[in-house]
Structures are given as C-alpha cells and as structure tokens.
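Data first, discussion second: the structure below is written as structure tokens.
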Amino acid sequence: MLNHTKVFIKNQIIRFLQSYFVDSINIMAQKTIVILGGGIGGIVTARELRKHLGTQHRIILVDKNAYHTFQPSYLWLVVGWRTHAAITKPYSAIEKYGIEIFQAAVQNIYPEHRKVETENGTLKYDYLVIALGADSDSQIIPGLDNTVNSFYTFEEAVELSKIIPVFSGGTIAIVVTSDNYKYPPAPYDAGFLLASFYAKRGITNVKIKIYTPEKQPLEFIGPENSHTLEMLLKTHGIELFTDHKLTTVESSTKTLTFANSIKTNYDLLITIPACSPLKLLTNSKLTTNSGWIEVDKYNMRTSDQNIYALGDNTRIEFDRGILLPKAGIFANNQAEIVAYNIAHEIMGNTQRKAFSGYGFFFIETGNSRAVNIHGNFFTKQSQSLTMNEPNVTFHWGKVVLERYWLWRWL
Ligand SMILES: Cc1cc2nc3c(=O)[nH]c(=O)nc-3n(C[C@H](O)[C@H](O)[C@H](O)COP(=O)(O)OP(=O)(O)OC[C@H]3O[C@@H](n4cnc5c(N)ncnc54)[C@H](O)[C@@H]3O)c2cc1C
C-alpha cells in the first residue's frame with residue numbers, strides 16, 4: 001500500500017514538472033512580430049507570417065491610417081478609370097486572419113530596447129519589420145512647393161483628377177525633379193495615359209512634354225530598351241527632353257528653368273517629386289548617411305539581427321552602383337522572403353529563402369495597350385532586362401494584377 005502511494009506521488013510530481021516545463025517552453029516560444037507600415041510590403045509580410053506561423057505568435061501591423069490605398073492605381077484615378085472605393089480597403093479586413101491592427105503614427109524606433117514608440121503608446125517586439133515607405137520632397141527646388149500638381153499621393157491624384165478633364169488646352173509639362181524618385185516608369189506612364197485621354201476625346205490642342213535629368217529615359221533598362229521607349233513616346237506625339245535638371249519654377253509666369261540654362265513655359269505642370277527617407281528612421285541608427293536603411297540585399301536583414309527592412313525605405317545598390325528602383329513588385333517579393341525567414345527562424349529550423357532580384361514593370365501606352373519590362377535586376381541590367389512591345393495582354397495583365405492584389409492580400 002505504502003509502495004502504491006509512493007508511485008502515485010512520484011507520477012503526480014512528474015506530471016506537474018512535465019506540464020510546468022511544457023508551459024514554460026510554450027511561453028518562451030511565443031514571439032511578437034511588429035510590422036511598421038501597412039503598404040504593399042507591410043501587408044504582404046503580415047499575411048505571409050500568419051500563413052507560416054502558429055496562432056500563439058502575435059503579429060501586429062502598425063499604420064497611421066485606417067485604410068490602405070493601392071498606389072499603382074493612382075494614375076488610373078487621375079484619368080477617371082478608378083474611384084476611391086475601388087482602390088481602397090480598410091486594414092480591419094485582415095483582422096480575421098489573426099493580425100492585430102494598431103493605428104498610430106510611428107515616432108521612434110529603439111533597437112537597443114526592442115521597442116517602438118508611437119503616438120498611441122509603446123510596442124515591444126521580438127522581431128521588427130520596417131516597411132514605412134518613402135516621403136516626397138518638393139522643397140528641393142525653389143518655387144516648386146507653390147505649384148505642385150502631382151499624383152504621387154492619394155490626395156494629389158484626386159486633385160489632379162479634377163483638373164485633367166477640364167484642362168482647356170496647351171502644354172502639359174511632366175517634370176522629373178530629381179534622379180531619385182519612386183517608381184521610375186511613372187512619368188512615362190503618365191505621358192502615354194494623358195496623350196491617350198485627350199486623343200480619345202478628339203482634343204488636339206494638348207501638347208505633352210516630359211523633362212528628365214536622365215541622359216536617356218529609364219537608363220537602368222539599358223540603351224536599347226531606352227531607345228525603344230524614346231521611339232514609342234515619339235510615335236504617340238510626346239516630346240521628351242533628357243538631360244534637363246529643373247532648377248527653378250516661376251509659377252506667376254509659368255516658367256521652368258533648367259540647369260542647362262534652358263527656359264520654357266507650361267500651361268499645366270505635373271511634377272514627379274524627389275523621394276526622401278522618413279526622418280524618424282535616422283534616429284534609429286539603422287540608416288547610413290543617406291538616411292535610407294541599409295540591408296542585406298538577399299534577406300533584407302539590417303545591422304540589427306532582429307530587425308528587417310524592405311520596400312521603399314531601403315537602399316539597395318548593385319555592383320555597378322545602380323540602385324534598385326523603388327517599386328511595389330520588389331516590396332511584395334521581399335516581404336514574402338522576410339516573412340518566410342522570420343517564421344522559420346522562430347520555428348527553429350534552418351530553411352531560408354533569398355530575394356532573387358527579379359521584377360517587372362508595365363508601362364501603359366494608351367489604347368488599352370502596355371509594354372512590359374522584366375528580368376533580374378541583380379544581374380547586369382542592360383543585358384538581363386527584356387522589354388516587350390505594347391500589346392493588349394500586358395494592359396489587361398496590369399488590370400488583373402491590381403484586382404488580384406487587392407483581393408489576395410486585403
Ligand atoms: C503613382 C504611382 C504608381 C506606381 N505604380 C507602380 C507599379 O505599377 N508597379 C510597381 O511595382 N510599383 C508602383 N509604384 C510604387 C509602389 O507603390 C511602391 O514602391 C510601394 O508601395 C512600396 O511599398 P512599401 O511597402 O515599401 O511602402 P508603401 O506602400 O508606401 O507603404 C508605407 C506605409 O507606411 C505608412 N506610414 C508611413 N509613415 C508612417 C508612420 N510614421 N507611422 C505609421 N505608418 C506610417 C503609410 O501610411 C503606408 O501605408 C507606384 C507608385 C506610385 C506613387
């Protein structure tokens with residue numbers, strides 16, 4: 001009998017110890033991943049993390065807004081192809097996947113304390129993913145801030161969508177104000193779309209002129225592709241002025257002055273703003289002098305082992321000194337890699353993936369056609385990027401991609 005009791009007590013102790021340690025292990029295993037920014041990169045990171053990770057881990061997505069708007073559709077908003085509702089979705093739509101939405105403006109990141117300060121409180125993390133995008137900078141050129149018509153923010157695109165249909169004719173100057181701007185094909189997209197917009201309405205007194213500081217349009221696609229783009233612009237009646245670096249804007253006389261001393265007039269000015277890094281990042285010690293976050297180009301890890309950064313707030317340089325363009329396709333692809341690698345590290349295995357550098361762009365050329373430029377941006381670009389002639393399939397490819405993206409991720 002005494003022996004029986006001893007065995008019983010022993011078993012109870014073992015059970016207690018087992019349950020205690022298993023619980024402790026589970027508690028230790030619970031991780032909190034905080035994602036800053038609910039743009040293309042942030043949303044994909046959150047959804048992919050949830051796909052790979054068990055529900056005991058917390059995924060918190062922080063954005064200053066309650067809604068996501070899909071930037072690649074802004075130009076379609078300008079020409080009336082899209083409404084606000086068609087390209088906007090609330091972040092609350094992804095709460096059902098077990099992603100916590102924290103609406104607040106991020107103010108500071110403290111890597112040494114693994115915490116982030118926001119206007120609505122402090123968040124602690126085990127892993128941090130920074131996907132806060134880039135700011136526009138219209139201050140760099142005297143006179144520019146008074147005259148801005150652009151389509152790089154949602155509000156600007158809405159404003160421009162009111163001006164375009166009532167423009168009474170004359171010269172539309174689309175001016176690239178810096179070498180450093182988001183989504184390099186956008187000025188050409190804009191030129192083609194506006195030319196087609198007015199042509200369809202039989203309006204013939206609108207002249208579209210594109211000014212860029214580049215020696216050739218989209219230099220990074222290589223001289224041959226660049227030349228093809230030049231020819232396409234010409235065929236559509238769009239005048240291109242390369243090697244034109246804007247120095248001042250005189251809005252009272254509607255005059256532009258360029259570094260080559262050329263002056264010209266416009267009736268409607270549309271600017272492509274320079275992009276600049278978010279100021280809050282510089283305090284985090286994660287950036288270099290450039291203000292952008294430096295990451296390993298294959299896994300997007302920063303100098304801090306528990307912090308990753310992706311998309312527009314990073315700076316990725318190639319061997320030839322060329323920077324990876326700031327584009328949603330890269331933010332999306334990098335996010336999938338980052339989520340996979342964080343999840344597998346948490347799960348304690350060694351499986352990892354690397355970002356390949358593959359990407360593609362569509363450029364609308366009007367009449368329901370688009371060109372497609374695709375290839376691996378990490379290899380010698382002029383040789384690795386292919387540019388296909390404008391066709392209907394690429395135009396519809398872009399439409400389907402937009403619809404798919406908003407349906408798939410939000
Ligand atoms: C007109 C236009 C057309 C484009 N077309 C294409 C295209 O056809 N194909 C393509 O690949 N790319 C395109 N792009 C580029 C693409 O949209 C961006 O490269 C992409 O959105 C970058 O993703 P991201 O996650 O790095 O940043 P973003 O998508 O910009 O997201 C950043 C997020 O951070 C949030 N945020 C910023 N600061 C704070 C803060 N302090 N606190 C909290 N939240 C904050 C913002 O609200 C935003 O939701 C286009 C861009 C523009 C402007």
Side-chain angles (χ1 to χ4, degrees), residues 34-46 60-79 82 87-89 91 101-109 116-120 123 129-136 150-157 160 174 181-190 193 270 272-273 275 277-281 283-284 292-293 295 300 309-316 324-335 338 359-364 370-374 377 394-395 397-399 401-402 405 409-410:
V34 171
I35 302 156
L36 305 182
I40 291 180
I43 290 169
V44 174
T45 309
I60 305 173
L61 181 68
V62 186
D63 202 283
K64 59 185 176 186
N65 300 318
Y67 292 84
H68 170 81
T69 56
F70 191 60
Q71 294 174 38
S73 305
Y74 286 178
L75 264 172
W76 292 353
L77 195 76
V78 169
V79 293
R82 290 291 179 274
I87 61 166
T88 304
K89 281 206 170 172
Y91 289 114
I101 303 299
F102 192 87
Q103 191 190 340
V106 177
Q107 290 167 330
N108 267 308
I109 302 166
V116 172
E117 208 172 72
T118 79
E119 60 179 354
N120 292 336
L123 292 167
V129 180
I130 310 175
L132 288 167
D135 263 344
S136 289
S150 190
F151 51 86
Y152 264 64
T153 66
F154 175 69
E155 293 74 18
E156 288 167 349
L160 194 56
I174 300 173
Y181 67 99
K182 249 166 73 160
Y183 197 58
Y188 306 102
D189 242 338
L193 276 176
I270 300 177
I272 308 296
C275 68
L278 267 72
K279 301 238 166 16
L280 74 96
L281 295 175
N283 303 334
S284 69
W292 302 105
I293 308 177
V295 289
M300 316 311 294
L310 52 90
D312 286 359
N313 56 195
T314 61
R315 179 179 184 279
I316 296 182
L324 184 72
K326 297 195 185 304
I329 182 68
F330 298 127
N332 186 128
N333 294 351
Q334 291 165 342
V338 166
F360 59 84
F361 300 140
F362 293 109
I363 304 179
E364 291 283 340
V371 296
N372 175 265
I373 301 166
H374 62 100
F377 285 69
F394 294 131
H395 164 73
K398 186 163 178 168
V399 174
L401 195 74
E402 176 216 46
W405 200 92
W409 300 109
L410 273 159

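Counting starts at 1 for both ligands and their atoms, in listed order.
Between the side chain of D63 and the main chain of G38, a donor-acceptor pair closer than 3.5 Å is present. When atom types are taken as modelled, the side chain of E117 and the backbone of Q107 share no donor-acceptor pair closer than 3.5 angstrom. Judged by distance alone, with hydrogens and angles left aside, the side-chain atoms of N372 form no donor-acceptor pair with the main-chain N or O of F394 at under 3.5 Å.
In this structure, atom 25 (O) of ligand 1 lies nearest to the protein heavy atom G41 N, 2.8 Å. For atom 37 (C) of ligand 1, the closest non-hydrogen atom of the protein is L132 O, 3.4 Å. The protein heavy atom nearest to atom 40 (C) of ligand 1 is V106 N, 3.6 Å. Nearest non-hydrogen protein atom to atom 26 (O) of ligand 1 is D312 N, 2.8 Å. Summary of contacts: the protein heavy atom closest to atom 30 (O) of ligand 1 is Q71 NE2, 2.9 Å. Counting protein heavy atoms only, atom 44 (N) of ligand 1 is closest to K64 N, 3.2 Å. Looking only at protein heavy atoms, the nearest one to atom 46 (C) of ligand 1 is D63 OD2, 3.5 Å. G328 N, 2.9 Å is the protein heavy atom nearest to atom 12 (N) of ligand 1.
Contacts of L280 with ligand 1, taken as heavy-atom pairs under 4.0 Å, involve the side chain alone. With a 4.0 Å cut-off on non-hydrogen atoms, H68 does not touch ligand 1 at all. Contacts with ligand 1 closer than 4.0 Å are made by no heavy atom of T118, backbone or side chain. Contact annotation: for F151 versus ligand 1, heavy atoms closer than 4.0 Å belong to both the backbone and the side chain. With a 4.0 Å cut-off on non-hydrogen atoms, A327 touches ligand 1 through its backbone as well as its side chain. Contact annotation: for Y152 versus ligand 1, heavy atoms closer than 4.0 Å belong to both the backbone and the side chain. Only the side chain of Y91 comes within 4.0 Å of ligand 1, judged by heavy-atom distances. At a heavy-atom cutoff of 4.0 Å, ligand 1 is contacted by no atom of A134, backbone or side chain.
The six-membered or imidazole ring of F360 lies away from that of F330, with a centre-to-centre distance of 6.0 Å or more. No close placement of the Y152 and Y181 rings is indicated, their centers lying 6.0 Å or farther apart.
Relative orientation of the H395 and W76 rings is tilted, given thresholds of 30° and 60° on the angle between their planes. Ring geometry for Y74 against F154 counts as tilted: the plane angle lies between 30° and 60°, on a 0 to 90° scale.
The closest heavy-atom contact to atom 27 (O) of ligand 1, among the options G133, G39, A370, comes from G133. Heavy-atom proximity to atom 14 (N) of ligand 1, evaluated over F70, Y183, Y67, F102, is greatest for Y183.
The K398 neighbourhood of ligand 1 comprises atoms 8 (O), with distances under 4.0 Å to a heavy atom of that residue. Within ligand 1, the atoms closer than 4.0 Å to a non-hydrogen atom of L278 are 38 (N), numbered from 1 in the order shown. Interface of N65 with ligand 1, defined as ligand atoms under 4.0 Å from a residue heavy atom, comprises 47 (O). Close approach of ligand 1 to K326 is summarised as follows: ligand atoms under 4.0 Å from at least one heavy atom of the residue are 19 (O). Those atoms of ligand 1 with a heavy atom of G311 less than 4.0 angstrom away are 26 (O). If you number the atoms of ligand 1 from 1 as listed, the ones under 4.0 Å from a heavy atom of A104 come out as 42 (N), 43 (C). For ligand 1, the atoms closer than 4.0 angstrom to any heavy atom of A331 are 23 (O). Every atom of ligand 1 is numbered from 1 in the order shown, and the set under 4.0 Å from a heavy atom of A131 is 32 (C), 33 (C), 34 (O).
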Legend entry - Worked verdict on N332 versus W405 for side chain to side chain donor-acceptor pair (under 3.5 Å): CA-CA 10 Å; N332 186 128; W405 200 92; 2.9 Å; yes

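For the pair R82 and V399, the tightest heavy-atom approach, listed with the atom from each and the gap, is NH2-CG1, 3.9 Å. Closest of all the heavy-atom pairs between A335 and T45 is CB-OG1, 3.3 Å. Considering all non-hydrogen atoms of both residues, A104 and V62 come closest at O-CG1, 3.7 Å.
Between D135 and K182 there is no salt bridge, since no side-chain N of the basic residue sits under 4.0 Å from a carboxylate O of the acidic one. Of the charged side-chain nitrogens involved, none lies within less than 4.0 Å of a carboxylate oxygen, so that E119 and K64 do not count as a salt-bridged pair.
Residue-ligand proximity: Y181 is placed with every non-hydrogen atom at 4.0 Å or more from ligand 1. Not a single heavy atom of A157 lies less than 4.0 angstrom from ligand 1. Every heavy atom of A186 sits 4.0 Å or more from the atoms of ligand 1.
Annotation: the span from I60 atom CD1 to L36 atom CG amounts to 10.5 Å, rounded to 0.5 Å. Once rounded to the nearest 0.5 Å, the distance linking NZ of K326 with OH of Y183 reads 15.0 Å. N313 contributes atom CG, which lies 4.0 Å from atom CD1 of I293 (distance to the nearest 0.5 angstrom).
For the pair K89 and W409, the NZ or CZ position fails the cation-pi test of under 6.0 Å to the six-membered ring centre and within 45 degrees of the ring normal.
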